Amino acid sequence: MATAEQKGKRPKIDEDGDERMDDAVLLSIEQLQEIQDEIEKVNEEASDKVLEVEQKYNEVRRPVYARRNEIIREIPDFWLTAFLSHPILGELLTEDDQKIFKHLESIDVDEFQDIKSGYSITLTFSSNQYFEDTKLTKTLSFSDDGNITVKATSIKWKDGMDIANGKAYTKDGFKRLLIDESFFTWFNDAKNKSFSQGVIDEVADIIKEELWPNPMKYFNNEAEEEFEDEEDEEESDEEDDDEEDEEGEEDDEE
């Protein structure tokens with residue numbers, strides 16, 4: 001005898017059955033939510049533990065970074081070379097910036113005790129003819145409500161040398177025409193205001209996450225070599241795909 005389903009009809013379920021099934025589903029959903037909440041709690045605890053470990057090793061790394069800076073000071077144009085070799089940072093340095101970067105002795109990234117709350121980047125320069133400062137610092141602070149506070153050194157440019165604000169002059173007293181934007185506008189209040197309003201400070205992020213951990217990678221131009229290797233692999237894969245397509249077409253013709 002054909003069943004109700006075989007006849008194209010839905011089997012009848014009494015209303016009490018529907019209610020019992022709905023109650024069971026609701027109970028399962030509630031239990032699932034409880035489990036999910038428990039997973040989130042474990043994830044939060046794991047994140048806190050990871051931060052604790054990271055904070056611990058920040059202190060361990062600090063003296064090692066200090067020794068690295070001491071050695072870097074003995075290598076002429078180290079940071080200039082590393083910057084220029086970076087695919088993004090290298091595009092930000094004008095000819096004037098490169099002259100100033102010859103005086104750059106060290107870069108330091110210091111994360112706050114509470115890593116999530118921010119960090120600072122400090123560029124230390126030897127005495128030079130461009131500005132009075134020996135240290136230029138930018139600090140990014142992140143609050144729990146998502147607000148970002150950016151503070152930066154107000155550069156004390158020497159007379160006629162302010163390439164960041166269009167106040168650079170020639171030796172004859174004529175105002176210089178600056179076509180390209182200087183890297184040092186990164187310290188300007190106007191730009192930092194935009195960062196405080198949610199614009200991503202890509203330069204700070206790149207220095208902190210890419211350049212600072214391993215500047216040797218860029219000083220030795222290893223990054224470009226890696227990029228070229230990736231391009232070669234992509235071209236090789238494309239050639240292999242083309243050959244396979246051609247072989248497939250020949251088989252179809254046969």
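As the structure is a computational prediction, the values presented were derived from the model and not from experiment. Basis for what follows: all heavy atoms, side chains included, without hydrogens, waters or symmetry-related copies.
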J.: Do Y169 and L178 sit in the same hydrophobic cluster, where Ile, Leu, Val, Met, Phe, Trp and Tyr count as joined when their side-chain heavy atoms come under 4.5 Å apart?
T.: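 Different hydrophobic clusters.
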J.: Would L177 and F174 show up in the same hydrophobic cluster when neighbours are defined by side-chain heavy atoms closer than 4.5 Å?
T.: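 No; F174 is not reachable from L177 via cluster members.
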J.: Are more than 12 heavy atoms, taken from residues, nucleotides or ligands other than D189, located less than 6.0 Å from that residue's CG atom?
T.: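 No, because the 6.0 Å sphere around CG of D189 holds 12 heavy atoms or fewer from other groups.
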J.: If only atom types and distance count, is the side chain of N58 paired as donor or acceptor with the main-chain N or O of R61 below 3.5 Å?
T.: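 A pair under 3.5 Å: no.
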J.: Could you walk me through whether E45 and K41 pass the side-chain contact (heavy atoms from CB on, under 4.5 Å) check?
T.: CA-CA 6 Å; E45 291 176 357; K41 184 178 179 181; 3.7 Å; yes
J.: Counting N and O atoms only, with roles assigned by atom type, does the side chain of S120 sit under 3.5 Å from a partner on the main chain of T139, one being a donor and the other an acceptor?
T.: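 No; zero donor-acceptor contacts below 3.5 Å.
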J.: How long is the span from the OG1 atom in T185 to the CG atom in N192, to the nearest 0.5 Å?
T.: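 Between T185 OG1 and N192 CG, I get 9.5 Å after rounding to 0.5 Å.
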J.: Please find the pair of heavy atoms, one from T124 and one from L104, that lie closest to each other, and give the distance.
T.: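 Scanning both residues, the minimum pair turns out to be O-CD1, 3.4 Å.
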J.: Identify every side-chain donor-acceptor pair in residues 198-208 under 3.5 Å, counting partners at least two apart or on other chains, and give the distances.
T.:
{"unit_1": "D201", "atom_1": "OD1", "unit_2": "W186", "atom_2": "NE1", "d": "2.9"}
{"unit_1": "D201", "atom_1": "OD1", "unit_2": "V203", "atom_2": "N", "d": "3.4"}
{"unit_1": "D201", "atom_1": "OD1", "unit_2": "A204", "atom_2": "N", "d": "3.1"}
{"unit_1": "D201", "atom_1": "OD2", "unit_2": "K138", "atom_2": "NZ", "d": "3.2"}
{"unit_1": "D201", "atom_1": "OD2", "unit_2": "W186", "atom_2": "NE1", "d": "3.2"}
{"unit_1": "K208", "atom_1": "NZ", "unit_2": "E111", "atom_2": "OE2", "d": "3.3"}

J.: Determine the minimum heavy-atom distance between A168 and I163, stating which atoms define it.
T.: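 Result for this residue pair: CB-CG2, 4.0 Å.
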J.: In Å and rounded to the nearest 0.5 Å, what is the CZ to CD1 distance from F187 to I155?
T.: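 These two atoms lie 5.5 Å from each other.
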J.: Would you say that D110 contacts R62 through its side chain, given a criterion of any heavy-atom pair below 4.5 Å between the two side chains?
T.: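 Yes, close enough: below the 4.5 Å cut-off.
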J.: Taking C-beta and beyond as the side chain, do D180 and D97 meet within less than 4.5 Å on heavy atoms?
T.: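 With C-beta onward as the side chain, the pair stays apart.
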J.: Please report the closest heavy-atom contact between Q129 and M161, naming both atoms and the distance.
T.: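 The answer is O-CG, 3.4 Å.
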J.: At what distance, to the nearest 0.5 angstrom, does CD of E34 lie from CG of D37?
T.: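 If we round to the nearest 0.5 Å, E34:CD and D37:CG are 8.0 Å apart.
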J.: Does I88 share a hydrophobic cluster with F183, counting links as ILVMFWY side-chain heavy atoms below 4.5 Å and allowing steps through other members?
T.: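 Yes, because I88 and F183 connect within a single hydrophobic cluster, where side-chain heavy atoms sit under 4.5 Å apart.
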J.: Would you sort out whether Y119 and F142 count as a side-chain contact (heavy atoms from CB on, under 4.5 Å), showing the intermediate values?
T.: CA-CA 9 Å; Y119 61 93; F142 312 115; 4.1 Å; yes
J.: Please report the C-alpha distance between L84 and F101 in whole Å, then the side-chain angles of each, then the deciding distance to 0.1 Å, and finally whether the side-chain contact (heavy atoms from CB on, under 4.5 Å) criterion is met.
T.: CA-CA 10 Å; L84 290 176; F101 262 62; over 6 Å; no
J.: Looking only at non-hydrogen atoms, find the nearest pair between Y65 and P213 and report the distance.
T.: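 Where Y65 meets P213 most closely, the heavy atoms are OH-CA, 4.4 Å.
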J.: Mind checking what makes ring-ring contact (aromatic ring centres under 6.0 Å, His included) contact with Y130, not counting sequence neighbours?
T.: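 Expected list: none.
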J.: Assign the ring pair F125 / F184 to parallel, tilted or perpendicular, where the plane angle (0 to 90°) is split at 30° and 60°.
T.: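 Rings of F125 and F184: tilted, as their planes differ by 30° to 60°.
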J.: Do I35 and L26 land in one hydrophobic cluster if side-chain heavy atoms of ILVMFWY residues count as linked below 4.5 Å?
T.: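 The answer is no; the residues belong to distinct hydrophobic clusters.
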J.: If we only count heavy atoms from C-beta on, is the L27 to Q31 side-chain gap below 4.5 Å?
T.: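 Yes; the side chains approach each other to less than 4.5 Å.
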J.: For a 4.5 angstrom cut-off between non-hydrogen side-chain atoms, does W157 reach N165?
T.: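 They are in contact (side-chain heavy atoms under 4.5 Å apart), so the answer is yes.
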J.: What distance separates L92 CG from E181 CD, expressed to the nearest 0.5 Å?
T.: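 L92 atom CG to E181 atom CD measures 9.0 Å (nearest 0.5 Å).
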J.: Does atom CG of D144 have more than 12 heavy-atom neighbours, drawn from other residues, nucleotides or ligands, at distances under 6.0 Å?
T.: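 Result for CG/D144: open.
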J.: Minimum heavy-atom separation for I107 to W79, with atom names?
T.: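 Shortest heavy-atom contact: CD1-CE3, 3.5 Å.
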J.: So, the side chain of S85 versus the backbone of A82: is there a donor-acceptor pair under 3.5 Å, distance only?
T.: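 No: the side chain of S85 does not pair with the backbone of A82.
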J.: Can you tell me how far apart NZ (K102) and OG (S126) are? Round to the nearest 0.5 Å.
T.: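 If we round to the nearest 0.5 Å, K102:NZ and S126:OG are 11.5 Å apart.
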J.: Under the side-chain contact (heavy atoms from CB on, under 4.5 Å) criterion, do V109 and L211 qualify, and how do the steps go?
T.: CA-CA 10 Å; V109 175; L211 185 68; over 6 Å; no
J.: Determine the interplanar angle of the H86 and Y218 rings, folded into 0 to 90°, and report it as parallel if under 30°, tilted if 30 to 60°, perpendicular if over 60°.
T.: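 Correct class here is tilted.
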J.: Above 12 or not: heavy atoms from other molecules or residues under 6.0 Å from CD of E38?
T.: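 No - once you tally the heavy atoms of other residues, nucleotides and ligands closer than 6.0 Å, there are 12 at most.
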J.: In terms of hydrophobic clustering (I, L, V, M, F, W, Y; side-chain heavy atoms under 4.5 Å; direct or indirect links), are W212 and I75 co-clustered?
T.: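 Yes; I75 is reachable from W212 via cluster members.
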J.: Any donor and acceptor pair, going by atom type alone, linking the side chain of K151 with main-chain N or O of T137 inside 3.5 Å?
T.: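 No, the answer is negative, given that no donor and acceptor are paired below the 3.5 Å cut-off.
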J.: Could you check D108 against T122 for side chain to side chain donor-acceptor pair (under 3.5 Å), going step by step and ending with a plain yes or no?
T.: CA-CA 5 Å; D108 291 285; T122 300; over 6 Å; no
J.: Which heavy atom of D133 sits nearest to which heavy atom of S154, and what is that distance?
T.: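 It is OD2-O, 4.2 Å.
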J.: Could you tell me the separation between the CZ atom of F219 and the CG atom of D77, rounded to the nearest 0.5 Å?
T.: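 Interatomic distance, F219 CZ to D77 CG, rounded to 0.5 Å: 8.5 Å.
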J.: Take atom CG of N43 as the centre, draw a 6.0 Å sphere, and report whether it contains more than 12 heavy atoms from other residues, nucleotides or ligands.
T.: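 Counting neighbours around CG of N43, more than 12 heavy atoms of other residues, nucleotides or ligands fall under 6.0 Å, so yes.
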J.: Check the pair E105, R73 against salt bridge (charged side-chain N to carboxylate O under 4.0 Å, His left out), reporting the backbone distance first and the verdict last.
T.: CA-CA 6 Å; E105 294 183 334; R73 287 172 187 255; 2.7 Å; yes
J.: Side chains of D96 and T94: any donor to acceptor distance under 3.5 Å?
T.: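 Their side chains do not contain a donor-acceptor pair, so the 3.5 Å distance test is not met.
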J.: Does NZ belonging to K167 count more than 12 external heavy atoms closer than 6.0 Å?
T.: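 Open.
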